[in-house]
There are 2 protein chains.
Amino acid sequence: MPTSERTIGRLSVYRRLLRQAAAEGHENVYSHELGKRAGATACQVRRDLMGLGCAGSPSRGYKVQALLERIDLFLDAPDVEPVALVGVGNLGRAILSFFQRRRPKLEITAAFDSDPWKVDRVVQGVRCHALADAERVVREQGITLAVLTVPAGAAQEVADMLVAAGIKGILNFAPAPLRVPLGVFVEDMDLAMSLEKVAYFARRRGGGSRKGGK
Amino acid sequence: MPTSERTIGRLSVYRRLLRQAAAEGHENVYSHELGKRAGATACQVRRDLMGLGCAGSPSRGYKVQALLERIDLFLDAPDVEPVALVGVGNLGRAILSFFQRRRPKLEITAAFDSDPWKVDRVVQGVRCHALADAERVVREQGITLAVLTVPAGAAQEVADMLVAAGIKGILNFAPAPLRVPLGVFVEDMDLAMSLEKVAYFARRRGGGSRKGGK
DNA sequence: GTTAAGCTGTGATAGGTTTCACAATGTGAT
DNA sequence: ATCACATTGTGAAACCTATCACAGCTTAAC
């Protein structure tokens, strides 16, 4: 199972593109087609799919439906996974509305904020709880994933609480690296850092857009 | 200049942490301290700084101020760089408010949306223009960077327009890989993909939190 | 002054990811 | 049937990136 972090990310992208292709009526795709859509080389696509145990035919390429099934099986948990949103500010609400467009296997089921004015309000169909109740609610609902959109200053403290409550994965939007114990996975979405990266490379590199700049 | 994409990202993080350290009154830092805060090894920190030509002393470590100056010089453009925000939906507004807290060298100066109701309104101190005027405004203001927060279906079309207007770097929040010509840098912030990644690794890996899980 | 300790700077090394290159294979035309 | 062609599957090579390990300093203590 050659399943590096990079590969998992690409599989997720492939899946989205394959769903799109299926909706457009395609029954088969070639590695180079998928690669072009995903911004990857044909070679890389084949390797990634090989790791999943997918087989294609030299003449027809890969079957879209078969790929989708395999990727679903590989990426998704058997049941729907509930997700907690912690921090119902502007960004939190935006993410809430972003994710509530039917993501089948991942669903934000509880929100938390320290602002008493927000507590018990329902935002985008999700009930907002007091941050102080987070540990209890997370435990009760068996939530293992969290999206963290609190101010940087509070991030570590909140993360510690979430981990204590049994959270195993955090998507962290706070511009502060989190320290978490082994066994908890953190993915940082650092907007400021990313924009600075864009600024740097936009100024420099005459190339390097996406891998296959063409 | 061993300035890979990864390294640039870390430098941006170091800078933020160093500013924080400076504000706390620290005058010197050791590589392992900075590493711990940034979620990197001491070794990596030293390498990254070496690439910048920074020197530290074996007994005092690195001077915080000296590092900050060098990183600023390296990462920042000489002048303030204006940034365009395209797509003033929930996410766009959240990002607007997020960035308008004094980012010295990168400032969102123009927003664009196709919704006539939003045009000419001022959001977070930024004027919203009609999307149709984007090419002209971008050109007039000499903007080279854009944050893209439009629906996936419109992303490619809008990106093409921005590139035609002279944009050299795009921070893309649309869940769709963009095709851009060589010389234009795209950084994807794919929320759905990242959350799926978190879900996958939270379920699997008993380890792998941050590099140095400890 | 000498010794011990702890950190930096960096060549060498290990580890991981992507690309290359090509044999194997299935398809359609002749 | 046979041939030409486009694609898959994959060992090997190239390329990065991160880590190790240690020489060289600088300071503090005795």
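Only heavy atoms go into these numbers, but all of them, side chains included; no hydrogens, no water, no symmetry mates. In the text below, chain A, chain B and the rest are named by the order of the sequence lines, each starting its count at 1.
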Salt bridge (Lys or Arg N to Asp or Glu O under 4.0 Å) against B:Glu33, all qualifying residues, sequence neighbours excluded: none

Length of the CZ-P vector between A:Arg6 and C:dT17, whole Å: 8 Å

Under 3.5 Å donor-acceptor, A:Asp72 side chain and A:Asp76 backbone: no

Rounded distance (Å) that lies between atom P of C:dG16 and atom CD of A:Glu5: 13 Å

Rounded distance (nearest 0.5 Å) linking atom CG of B:Leu171 with atom CZ of B:Phe99: 6.5 Å

Pairs touching residues 77-87 of chain A that satisfy side-chain hydrogen bond (donor to acceptor under 3.5 Å, both in side chains), sequence neighbours left out: A:Glu81-B:Arg203

Rounded distance (Å) that lies between atom P of C:dG16 and atom CD of A:Gln44: 17 Å

Beyond-backbone contact of B:Thr3 with B:Phe74, side-chain heavy atoms, under 4.5 angstrom: yes

Residue of the set B:Leu131, B:Val147, B:Thr149 for which side-chain contact (heavy atoms from CB on, under 4.5 Å) holds with B:Val86: B:Leu131

Nucleotide-resolved protein contact map, nucleotides 1-14 of chain D, B/S/- at heavy-atom distance under 4.0 Å: ------BBBBBB--

A:Pro177 backbone acceptor or donor facing B:Arg37 side chain under 3.5 Å: no

Side-chain donor/acceptor of A:Asp113 to backbone N/O of A:Val88, under 3.5 Å: yes

Rounded distance in Å - CZ (A:Arg10) to C1' (C:dG16): 12 Å

Distance (rounded to the nearest 0.5 Å) between B:Ile95 CD1 and A:Leu91 CG: 7.0 Å

Proximity to DNA chain D (any heavy atom under 4.0 Å), residues of residues 65-75 of chain A only: none

Set of residues satisfying side chain to side chain donor-acceptor pair (under 3.5 Å) with respect to B:Tyr14, sequence neighbours excluded: B:Asp48

Within residues 14-26 of chain A, residues whose heavy atoms come under 4.0 Å of DNA chain C: none

Separation of D:dT19 C1' from B:Asp48 CG (nearest whole Å): 13 Å

Flag, side chain of A:Lys197 to backbone of B:Arg6, donor-acceptor distance under 3.5 Å: no

